[in-house]
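One structure is given below, encoded as structure tokens.
Note on naming: letters A, B, ... go to the chains in the order of the sequence lines (proteins, then strands), and numbering restarts at 1 for each one. Worth knowing before you read on, the calculation uses all heavy atoms, side chains too, and leaves out hydrogens, waters and symmetry mates.
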Amino acid sequence: MTTHDEKGAAGSAPEVRRDFIRDIIDEDNRTGRWGGRVVTRFPPEPNGYLHIGHAKSICLNFGIAAQYGGRCHLRFDDTNPTKEEQEYVDSILGDVRWLGWDWGKHLYYASDYFQQMYDWAIQLVKSGKAYVCDQTAEEVREFRGTLTQPGRESPWRNRSIEENLDLFIRMKNGEFPDGSRTLRAKIDMAHPNLNMRDPVMYRILHADHHRTGGKWCIYPMYDWAHGLEDSVEQITHSICTLEFENHRPLYDWFLDALGIYHPQQIEFARLNLTYTVMSKRKLLRLVQDKLVGGWDDPRLPTISGMRRRGYSPEAIRYFCQVIGVNKFNSTVDMALLEHCIRETLNKTSPRVMAVLRPLKVVIENYPEGQVEWMDAINNPEDPGAGSRKVPFGRVLYIEREDFMENPPKKFFRLSPGKEVRLRYAYFITCREAIKDAAGHVIELRCTYDPATRGGDAPDGRKVKATLHWVAAEQAIDAEVRLYETLFTRENPDDMPEGQDFTACINPKSLEVLTECKVEPSLKDAAPLTRYQFERMGYFCVDSDSSAVRPVFNRTVTLKDAWAKIQQKGSE
RNA sequence: UGGGGAAUAGUGUAAUGGUAGCACAAAUGACUCUGGAUCAUUUAGUCAAGGUUCGAAUCCUUGUUCCCCAGCCA
């Protein structure tokens with residue numbers, strides 16, 4: 001079990017935030033209900049990639065275990081071979097580990113308990129609490145009744161124990177085709193909770209399982225299996241999401257009917273985030289229909305997508321702590337996630353200069369062929385990060401948006417006749433803007449003040465702006481991918497009649513810039529390395545990156561006061 | 001319309017009968033070799049109506065609104 005810093009990088013938040021689940025655990029510990037043990041579990045089904053919503057659950061379960069000196073099991077709930085794959089198992093293992101959690105030796109698979117579950121099912125059959133039903137799926141549905149009307153009992157409900165035993169064993173032995181029979185719990189077809197109307201425990205599925213192969217042809221249903229898995233592992237607090245609240249009576253019923261170790265199920269609200277979707281079904285659709293590049297597309301809220309985009313595990317853990325845990329549905333503002341990212345990255349990311357949309361600048365009075373290596377601080381937030389040298393020369397690139405020929409009042413940057421500072425270098429003054437035939441500015445002719453070397457004027461004169469820049473001669477060409485929200489709607493699930501969530505995919509969610517110029521220190525940056533491009537935002541080396549063609553993803557922009565002023569002006 | 005849950009600033013959350021607080025967002029100002037970071041200030045809330053109480057977000061009653069459940073998915 002890891003015991004890493006629960007504070008997150010921000011440091012301002014409390015050690016561990018309180019919530020109603022920790023209250024329950026405190027009370028249990030006070031009364032000695034579990035003898036002081038705290039054992040939780042994170043039980044993903046390996047049928048998709050983990051997303052930020054899972055991260056909330058992971059941080060809750062592993063966080064509680066760490067806090068209380070207990071343990072958290074990682075358990076694959078692999079009870080449906082038709083949907084599950086080894087690929088998903090592998091990705092989940094990697095994602096949980098990357099998030100910073102360690103399950104130690106407590107890695108489990110529901111499929112390892114299939115024999116035990118079967119034995120327990122036999123026990124229930126023998127005690128007359130389960131029966132083999134020959135109804136078709138349609139009949140079962142029909143007999144279940146509705147929300148307001150009780151169901152009717154299956155005609156197979158009162159078979160003898162001997163016949164049930166015989167049939168169930170033959171089900172297991174593969175004598176019957178898929179869907180022909182089920183094993184059902186004998187509870188109450190008139191129960192107001194539909195989950196209690198003789199729920200199916202086993203279905204026949206002649207399907208190969210990613211771990212047990214063809215050994216089984218009956219597979220347990222979630223309601224039957226889950227409590228047993230928790231029981232086998234001696235879980236104390238079985239934490240799940242709100243939609244399972246209706247299933248708790250069944251969870252309890254099975255465990256009581258068997259008379260075995262009985263954990264407490266506790267439900268909390270799953271995470272929703274603005275401008276994205278969180279359901280596995282929808283994420284799968286985006287991937288399968290190639291509306292995104294894959295499970296690790298940086299626009300996705302998947303762990304792998306966020307990792308590729310440059311989010312740090314610390315940032316995600318901090319976010320999960322900040323959002324809290326509750327019993328009612330809520331939608332967290334994407335801005336809060338971005339705040340957590342900036343907050344953590346600000347303290348750890350080396351600063352570097354990169355020009356995304358280059359505009360050529362020639363310093364007319366700077367000696368031709370001269371190169372100076374200027375001192376640049378790596379991270380003002382971290383004195384220990386040291387400094388580096390960046391080359392300066394006669395020809396440079398600055399950001400296109402840092403020049404305006406006819407600037408509005410509050411524009412502090414370069415324009416004809418104006419003086420600005422080039423960070424860590426010199427003050428320069430724009431003398432002339434050179435245009436092409438179409439009238440577009442293609443080059444700036446400037447002069448520099450040699451006395452301002454390093455960025456300070458000996459005469460004490462001030463400039464209102466400091467620009468980032470890259471020397472042309474040593475610049476590295478790079479590709480930069482800019483991301484915006486994947487959807488244009490705050491809630492993509494809430495679409496007008498007849499449209500689905502894919503109709504509000506943001507056409508500007510990905511913008512690829514191919515003419516970028518980055519400083520030479522970025523030459524051999526390894527994939528997943530995070531930087532702050534000064535004044536532009538946080539960026540991360542993409543997995544597509546190569547020495548020939550470095551590729552960076554924009555993780556998140558910096559807070560931008562000028563952008564706000566501009567936006568207000570255009571409104 | 002059966003059953004199960006839940007309602008606190010725009011958003012996310014504290015307060016467990018005793019001053020409704022924090023964070024994000026928004027706004028204003030200070031500072032700044034990142035229009036970053038930092039600091040200060042401001043705006044803004046207990047779903048409604050009754051009741052109990054010296055005192056209610058908290059307890060009671062009635063109502064309103066929202067979420068979940070009719071897979072041989074999890």
By centroid distance (under 5.5 Å) and plane angle (under 30°), are Phe328(A) and rA6(B) in a stacked arrangement?
->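 So no, this residue does not stack on that base, at least one cut-off failing.
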
For [N] versus [M], give the span between their [atom1] atoms, rounded off to a whole number of Å.
N	M	atom1	value
rA56(B)	rG18(B)	P	11 Å
rU46(B)	rA30(B)	P	34 Å
rA23(B)	rG5(B)	P	35 Å
rU52(B)	rU16(B)	P	24 Å
rA15(B)	rU8(B)	C1'	10 Å
rU38(B)	rC54(B)	P	49 Å
rU58(B)	rA48(B)	P	10 Å
rU34(B)	rC68(B)	C1'	48 Å

Verify the contact: side-chain N or O of [X] to OP1 or OP2 of [N], cut-off strictly under 4.0 Å; return yes or no.
X	N	result
Arg197(A)	rA70(B)	no
Lys56(A)	rG12(B)	no
Lys564(A)	rA26(B)	yes
Arg342(A)	rU38(B)	no
Arg423(A)	rG36(B)	no
Thr79(A)	rA74(B)	yes
Lys559(A)	rA37(B)	yes
Arg141(A)	rC72(B)	no
Asn326(A)	rA14(B)	yes
Arg281(A)	rG71(B)	no

Would you indicate what [X] reaches in the nucleic acid, counting non-hydrogen atoms under 4.0 angstrom: base, sugar-phosphate, or nothing?
X	answer
Glu338(A)	nothing
Gly324(A)	nothing
Glu139(A)	nothing
Tyr219(A)	nothing
Asp456(A)	base
Met221(A)	sugar-phosphate
Thr82(A)	nothing
His191(A)	nothing
Asn246(A)	base
Phe427(A)	nothing

What residue among Tyr222(A), Trp216(A), Phe168(A) forms ring-ring contact (aromatic ring centres under 6.0 Å, His included) with Tyr202(A)?
-> Phe168(A)

Can the ring centres of Tyr426(A) and Phe392(A) be said to be less than 6.0 Å apart?
-> yes

Measure the distance from [atom1] on [X] to [atom2] on [N] and round it to the nearest whole Å.
X	N	atom1	atom2	result
Glu490(A)	rG10(B)	CD	C1'	10 Å
Asn47(A)	rA74(B)	CG	P	9 Å
Leu242(A)	rC66(B)	CG	P	17 Å
Leu336(A)	rG10(B)	CG	P	17 Å
Gln321(A)	rG12(B)	CD	P	18 Å
Glu243(A)	rC66(B)	CD	C1'	16 Å
Arg18(A)	rC22(B)	CZ	C1'	16 Å
Ile323(A)	rA14(B)	CD1	C1'	16 Å

Is there a Watson-Crick or G-U wobble partner for [N] with both distances under 3.5 Å, and if so, which one is it?
N	value
rC31(B)	none
rU46(B)	none
rU53(B)	none
rA23(B)	rU11(B)
rA6(B)	rU65(B)

Gap separating the CZ atom of Arg342(A) from the OG1 atom of Thr557(A), nearest 0.5 angstrom | 4.5 Å

Atom pair CD (Glu401(A)) and CG (Leu467(A)), whose distance is rounded to the nearest 0.5 Å | 10.0 Å

Counting only heavy atoms not in Arg285(A), do more than 12 fall under 6.0 Å of its CZ?
-> yes

CD1 (Ile377(A)) with more than 12 external heavy atoms under 6.0 Å =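 Result for CD1/Ile377(A): open.
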
In terms of side-chain heavy atoms, does Glu233(A) have a donor or acceptor partner in Tyr113(A) at a distance below 3.5 Å?
->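 A donor-acceptor contact under 3.5 Å links the two side chains.
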
What nucleotide, of [options], holds the atom closest to the side chain of [X]?
X	options	result
Phe244(A)	rG2(B), rC72(B), rA74(B)	rA74(B)
Thr148(A)	rC69(B), rU1(B), rC72(B)	rU1(B)
Lys83(A)	rA37(B), rC73(B), rU34(B)	rC73(B)

Along RNA chain B (nearest heavy atom to each residue), the more 5'-positioned of Arg413(A) and His226(A) | Arg413(A)

Between Ala563(A) and Lys327(A), just flag the one whose closest nucleotide in RNA chain B comes earlier from the 5' side.
->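 The 5'-side residue here is Lys327(A).
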
Quick one: sort the Trp295(A) and Tyr49(A) rings into parallel, tilted or perpendicular, breaks at 30° and 60°.
-> parallel

For the residue pair Phe552(A) and Phe533(A), does the interplanar ring angle fall in the parallel (under 30°), tilted (30 to 60°) or perpendicular (over 60°) class?
-> perpendicular

Before accepting this row, confirm whether a basic side-chain N of the pair Asp382(A)/Arg351(A) lies closer than 4.0 Å to the acidic partner's carboxylate O.
-> no

Has the side chain of [X] got a donor or acceptor that lies under 3.5 Å from a partner of the other kind on the base of [N]?
X	N	result
Glu381(A)	rG36(B)	yes
Asn193(A)	rG2(B)	no
Asn80(A)	rC73(B)	no

Mind telling me whether rG71(B) is syn or anti, cutoff 90° either side of 0?
->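 Judged by the O4'-C1' to base torsion, rG71(B) sits in syn, the angle falling within 90° of 0.
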
